[in-house]
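Structure record follows, encoded as structure tokens.
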Amino acid sequence: SDVAVAIGVIVAAAIAGWAVRRLFTRFAKRVDGAISTAALLGGQFATIAIYLFAAVIVLEVLGFSLGPVIIIALAVLVAVLFLQPLILNLSAGLLLQVRGPFSPGDTIETDDIVGVVSEVNARTVVVVTSDGQTVHVPNRHVLNNVLVNLSHQGHRRSEIDLQVVCDVDFDALTERLCRSAGDVPEILPEPAPDVLLTGFEGSLARVRVRFWHEPDVAAEAAARDGLSRRLAGLTTSEERGHALGNPVLEVQHAASPEPR
């Protein structure tokens, strides 16, 4: 009967649409950039086309007039394919402004992009990075990815790892390291710097100096540089003997995150 044929067409279209969408999605995962985006859009287009074609056949089988239906379907298809990015960006921009996760002037991090927000418009969030680049991040990308507002608390913490010989006086070392951090103008006095003993590697101990600074990237870089310069002075024999009374102290800079 006509109803059975219509049901068969619907089932076939559902299976074909699923298969085509999966095929395009698998291909998109193997490529990057514009090709990946084009593959995803192509998969959506092909899937919608299959469903529309099936709908036309079903309606024809059931005896409905197809002229108005086809016109409406084509209009919907064009709107979905060509207006979807614009609609998503506009709605995402509205949500960002209503929810207020950040404001112009805040330092944010999203998808490996770190910088100061200069503007939130209908399409993008404009971010100025520490090296002077102006990056336009699509609103929907910001909304759908992890967002870190580095300015929200008014300050943030960084750390530098060191290695010292195990027979050092750790109490004296802690006092000296905290005093060195306190001498750096870019490091905030509150919360106060602190020192943690994090582990051992043979005859060496791992020590972590934690300190707070203003939230922007320039302040982080200045604080790291200032503290690194003062810590470098601890490797001189004169400084060791005067400050710690322990001539066997050796301080080496271990790997630490690069300033962003």
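Below, all heavy atoms of this structure are taken into account, side chains as well, without hydrogens, waters or symmetry copies. Everything quoted here is computed from the prediction, not taken from an experiment.
- The shortest heavy-atom contact between Val195 and Cys178 is CG2-SG, 3.8 Å.
- Side-chain atoms of Ser151 come within 3.5 Å of backbone N or O of Thr107 as a donor-acceptor pair.
- A pairwise comparison of heavy atoms in Ala54 and Ala13 identifies CB-CB, 3.3 Å as the closest pair.
- A donor-acceptor contact shorter than 3.5 Å links the side chain of Asp106 to the backbone of Ser103.
- Heavy-atom neighbours of His152 NE2 from other residues, nucleotides or ligands within 6.0 Å: at or below the threshold of 12.
- Scanning all heavy atoms of the two residues, the minimum distance from Cys166 to Gly202 falls at SG-O, 4.0 Å.
- Taking a cutoff of 4.0 Å between a charged side-chain nitrogen and a carboxylate oxygen, Arg179 and Asp183 do not qualify as a salt bridge.
- Put simply, OG on Ser130 and CD on Glu220 are 9.5 Å apart, with the number rounded to the nearest 0.5 Å.
- There is a path of hydrophobic side-chain contacts, each under 4.5 Å, that joins Val184 to Ile160.
- Under a 3.5 Å cut-off, the side chain of Asn145 and the backbone N or O of His141 do form a donor-acceptor pair.
- Proximity of His213 to Arg156: side-chain heavy atoms (C-beta onward) are separated by under 4.5 Å at one or more points.
- Once rounded to the nearest 0.5 Å, the distance linking CG of Asp225 with CZ of Arg230 reads 9.5 Å.
- Note on Leu197: it clusters hydrophobically with Val209, by side-chain heavy-atom contacts below 4.5 Å among ILVMFWY residues.
- In terms of heavy-atom proximity, Ile108 sits nearest to Asn149 at CG2-CA, 4.4 Å.
- Summarising the local packing, CG of Asp131 is surrounded by more than 12 heavy atoms from other residues, nucleotides or ligands at distances under 6.0 Å.
- Note on Val135: it clusters hydrophobically with Val125, by side-chain heavy-atom contacts below 4.5 Å among ILVMFWY residues.
- Taking 4.5 Å as the limit, some side-chain heavy atom of Arg224 sits within range of a side-chain heavy atom of Ser158.
- We find the OG1-CZ distance between Thr47 and Arg22 to be 13.5 Å, quoted to the nearest 0.5 Å.
- Within the model, atoms CG of Leu147 and CD1 of Ile113 stand 11.5 Å from one another, a figure rounded to the nearest 0.5 Å.
- Between Leu177 and Val207, the closest side-chain pair of non-hydrogen atoms falls below 4.5 Å.
- No single ILVMFWY cluster, assembled from side-chain heavy atoms under 4.5 Å apart, contains both Leu196 and Phe200.
- Within a 6.0 Å radius of CZ in Phe53, no more than 12 heavy atoms belonging to other residues, nucleotides or ligands are found.
- Rounding to the nearest 0.5 Å gives a distance of 13.5 Å between CZ of Phe211 and NE2 of His155.
- Using a 4.5 Å heavy-atom threshold, the side chains of Trp212 and Ile187 count as separate.
- Using a 4.0 Å cut-off between charged side-chain N and carboxylate O, Glu159 and Arg208 make a salt bridge.
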After noting the C-alpha distance and the side-chain angles of Arg206 and Leu162, does the key distance pass the side-chain contact (heavy atoms from CB on, under 4.5 Å) rule?
CA-CA 6 Å; Arg206 297 191 302 272; Leu162 308 171; over 6 Å; no

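- Considering all non-hydrogen atoms of both residues, Trp18 and Tyr51 come closest at N-OH, 4.3 Å.
- Under the 4.5 Å side-chain criterion, counting only non-hydrogen atoms from C-beta, Val3 is not in contact with Val61.
- Between the side chains of Arg176 and Ser180, at least one donor N or O sits under 3.5 Å from an acceptor N or O.
- To the nearest 0.5 Å, atom CG of residue Asp216 and atom CD of residue Glu214 are 7.0 Å apart.
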Please walk me through it: do Val127 and Val116 pass side-chain contact (heavy atoms from CB on, under 4.5 Å)?
CA-CA 5 Å; Val127 178; Val116 178; 6.0 Å; no

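- Note on Val137 and Val126: separate hydrophobic clusters, where clusters join Ile, Leu, Val, Met, Phe, Trp and Tyr whose side-chain heavy atoms are under 4.5 Å apart, directly or indirectly.
- Of all heavy-atom pairs spanning Val142 and Thr110, the tightest one is CA-OG1, 4.4 Å.
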